[in-house]
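A quick write-up on the structure given underneath.
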Amino acid sequence: MNKRIGGPGSFMIGEEEKRELLDVIEGGYLFRYGAEDDPLFQKKVLTFEEEFARYLDIEYCVAVNSGTSALLTCLAALGIGPGDEVIVPGYTFIASISSIVLSRAIPVLAEIDESLTLDPEDIRKKITDKTKAIMPVHMLGNPCDMDAVMEVAREHDLFVIEDCCQAAGASYHGKKVGTIGHIGAFSLNMFKTFTAGDGGAVVTNDFDLYERAFGFHDQGHKPRRSGVEIGRRSLIGLDFRMNELTGAVALAQVRKMDTILTLLRSKKKKLKELLHIPENVKFRTINDPEGECATLLTLIFPNKDSADVFAQEAGTETISHSGWHVYNNMEQILGKKVPTDYPCPYECEAYGRKREYTKNMLPRTDDILERSINISIGVVDKGLGSAFGININSSDEEIAEVALKINDLLRKIP
Ligand SMILES: *Cc1c(COP(=O)(O)O)cnc(C)c1O
């Protein structure tokens, strides 16, 4: 079988990406800004922003250079900073948590449920008078239970930042993820649903948030600047701009989103239909079965022993071992290794409240993850615990072969 790793978009790179890229090279404009009236200036980044916004059915999009900078930009747009608490699940890629830390705010880790996304009930328990926002993460292509998340947010007047880095194209009750909360962040890293190698996007329906997000990502400039706009710059920003080469590939990929999702969903369906799942093994809860990306298939075993046996035989590991996707493995957080001249957000003494980050502080999350196994459908990534399974190009024969192996292993579990 194909030894290639990556997300579904990376398996689909072809002529379309090449054509968009050649346009840029031939035109000679690699920067996202250029002479508006020069036909050689291809405006790929701008076109990507417009097409991605249209695809999601949202007003505004700012293309950035990674999912991490997208999250940082969302936090900056909302004005989240020192002393503010942001509730985030303990099962997420570390960037969700680091973006909060680097905003000098305080990440408050919350439990997941059997959907492997934020448990709405636990959000309530984690709210304090300092809570400013909730960051639901649509993990493994599965939308969070957004009705419940939004209800808590409304009750407590909190912002909602959707981390959609693993779920581009997923929808929840008819709305694309990223369009439900106040602001959403996407990634185009190679392991995500669509890719440009690296890249990201911030989306919102709120013009003020858009203007602040744009400014933060581009040295304080107003959206669609021309020239340096002396006197018009509204805030202090950084440079997280996407360039035209990335924009070209991103544009070709956003046009493939529907094809990617259709393929993933049909391959997942085929694999599932061939499986004989014992009564005590479950699939994870899918909060919107019509809307998930279907990038992975997750099995939840009745106990740690049976999950370990399955993992070992399959040559994979339980999700609890998936590196920096689980708070227990984030030594930067647990070990408080931040420069000493940095107001240490982990101690939080400066903010009058001490928060500690310890191993096994989220017992429900630990229990679920040590019993769970990811099988790849479209995201082939050892780091995510999904080196075993199929990919978006797998043939029916390959799917049948993997199903046979899974069924065989399921018969062996204690
Ligand atoms: C990948 C990922 C990010 C960060 O995206 P990058 O493009 O790699 O910076 C953030 N959050 C989650 C949940 C991710 O999976």
Side-chain angles (χ1 to χ4, degrees), residues 1-18 116 139-142 166-170 189-195 252-253 255-286 289-301 306-319 321-322 372-413:
M1 242 181 130
N2 202 328
K3 288 279 174 260
R4 184 172 185 143
I5 56 164
S10 74
F11 283 77
M12 303 281 283
I13 291 169
E15 285 306 313
E16 300 77 7
E17 285 76 4
K18 196 161 137 189
L116 273 60
M139 270 313 260
L140 313 171
N142 191 8
Q166 294 194 8
N189 169 274
M190 74 168 283
F191 291 104
K192 315 301 175 160
T193 319
F194 66 157
T195 189
Q253 289 263 308
R255 291 174 178 162
K256 291 181 178 178
M257 279 303 273
D258 284 332
T259 314
I260 291 173
L261 292 176
T262 305
L263 272 169
L264 289 172
R265 287 167 183 161
S266 91
K267 306 252 159 163
K268 182 167 181 174
K269 186 160 174 272
K270 274 183 194 160
L271 180 64
K272 271 181 90 171
E273 278 168 1
L274 295 170
L275 296 181
H276 304 297
I277 303 291
E279 237 170 53
N280 57 358
V281 175
K282 287 188 280 190
F283 295 116
R284 75 171 161 151
T285 311
I286 301 292
E290 308 284 297
E292 69 145 344
C293 289
T295 35
L296 294 132
L297 175 71
T298 309
L299 297 176
I300 305 183
F301 289 80
S306 50
D308 284 341
V309 168
F310 184 97
Q312 193 172 11
E313 297 276 333
T316 183
E317 285 184 298
T318 56
I319 300 182
H321 290 96
S322 59
S372 298
I373 305 257
N374 274 335
I375 292 163
S376 69
I377 304 294
V379 176
V380 187
D381 178 7
K382 194 162 180 289
L384 204 58
S386 63
F388 169 73
I390 61 172
N391 69 56
I392 193 167
N393 293 326
S394 292
S395 64
D396 285 356
E397 290 70 35
E398 285 165 332
I399 297 174
E401 208 178 294
V402 169
L404 204 66
K405 178 151 185 216
I406 295 173
N407 288 333
D408 209 33
L409 296 180
L410 284 171
R411 252 178 263 118
K412 289 188 196 157
I413 61 164

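By convention here, the first residue in the shown sequence is residue 1.
Here CG of Leu296 is found 10.0 Å from CG of Asn142. Values are rounded to the nearest 0.5 Å. Rounded to the nearest 0.5 Å, atoms CD1 (Ile392) and OG1 (Thr193) are 9.5 Å apart. Atom CG of residue Leu404 and atom CG of residue Leu409 lie 10.0 Å apart, to the nearest 0.5 angstrom. Ser306 contributes atom OG, which lies 10.5 Å from atom CG of Leu299 (distance to the nearest 0.5 angstrom). We find the NZ-CD1 distance between Lys282 and Ile277 to be 13.0 Å, quoted to the nearest 0.5 Å. The CD1 atom of Ile373 lies 11.0 Å from the OG atom of Ser322; values are rounded to the nearest 0.5 Å.
When atom types are taken as modelled, the side chain of Asn189 and the backbone of Gly7 share no donor-acceptor pair closer than 3.5 angstrom. In terms of modelled atom types and a separation under 3.5 Å, the side chain of Glu17 and the main chain of Gly14 share a donor-acceptor contact. Panel note: side chain Glu292, backbone Ile286; no donor-acceptor pair is recorded below 3.5 Å. For the pair Asn407 (side chain) and Ala403 (backbone), a donor-acceptor distance under 3.5 Å is present. In this structure, the side chain of Asn391 does not engage the main chain of Phe11 through any donor-acceptor pair within 3.5 Å. With hydrogens and angles ignored, the 3.5 Å screen pairs no side-chain donor or acceptor of Ser386 with any backbone N or O of Ile375. Under a 3.5 Å cut-off, the side chain of Lys268 and the backbone N or O of Thr295 do not form any donor-acceptor pair.
In this structure, the side chains of Lys382 and Thr316 stay at 4.5 Å or more apart for every pair of heavy atoms. The side-chain heavy atoms of Leu116 and Ile300, taken from C-beta on, include a pair separated by under 4.5 Å. Residues Lys256 and Phe194 fail the side-chain proximity criterion, which asks for heavy atoms closer than 4.5 Å. Considering only heavy atoms from C-beta on, Ile5 comes within 4.5 Å of Phe191 through its side chain.
Ionic pairing of Glu16 and Arg255 is not present here: no N-O contact between side-chain nitrogen and carboxylate oxygen is shorter than 4.0 angstrom. A salt bridge does not link Lys270 with Glu273: none of the charged nitrogens is closer than 4.0 Å to a carboxylate oxygen.
Pairing each heavy atom of Asp381 with each of Gly383, the nearest pair is OD1-N, 2.8 Å. Leu384 and Asn374 make their closest contact through O-ND2, 3.1 Å (heavy atoms, listed as atom of the first residue, atom of the second, distance). Summarising the geometry of Val309 relative to Lys412, their closest heavy-atom pair is CG1-O, 4.4 Å, with the distance given to 0.1 Å. Shortest non-hydrogen contact noted between Leu264 and Ile377 is O-CG2, 3.7 Å. Smallest separation of non-hydrogen atoms from Thr259 and Met12: CG2-CE, 4.1 Å. What you find for Lys267 and Ile399 is that their closest heavy atoms are CD-CD1, 3.9 Å.
In this structure, Phe388 has no ring-ring contact (aromatic ring centres under 6.0 Å, His included) partners at least two apart in sequence or on a different chain. Take Gln312 and apply the side chain to side chain donor-acceptor pair (under 3.5 Å) test, not counting sequence neighbours, and it matches no residue.
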Glu401/Lys405 under salt bridge (Lys or Arg N to Asp or Glu O under 4.0 Å): CA gap, chis, key distance, verdict: CA-CA 6 Å; Glu401 208 178 294; Lys405 178 151 185 216; over 6 Å; no

Criterion side chain to side chain contact (heavy atoms under 4.5 Å, CB included) on Ile413 and Val281, from CA distance to verdict: CA-CA 10 Å; Ile413 61 164; Val281 175; 3.8 Å; yes

Step-by-step side chain to side chain contact (heavy atoms under 4.5 Å, CB included) determination, Phe310 to Ile406: CA-CA 9 Å; Phe310 184 97; Ile406 295 173; 4.1 Å; yes

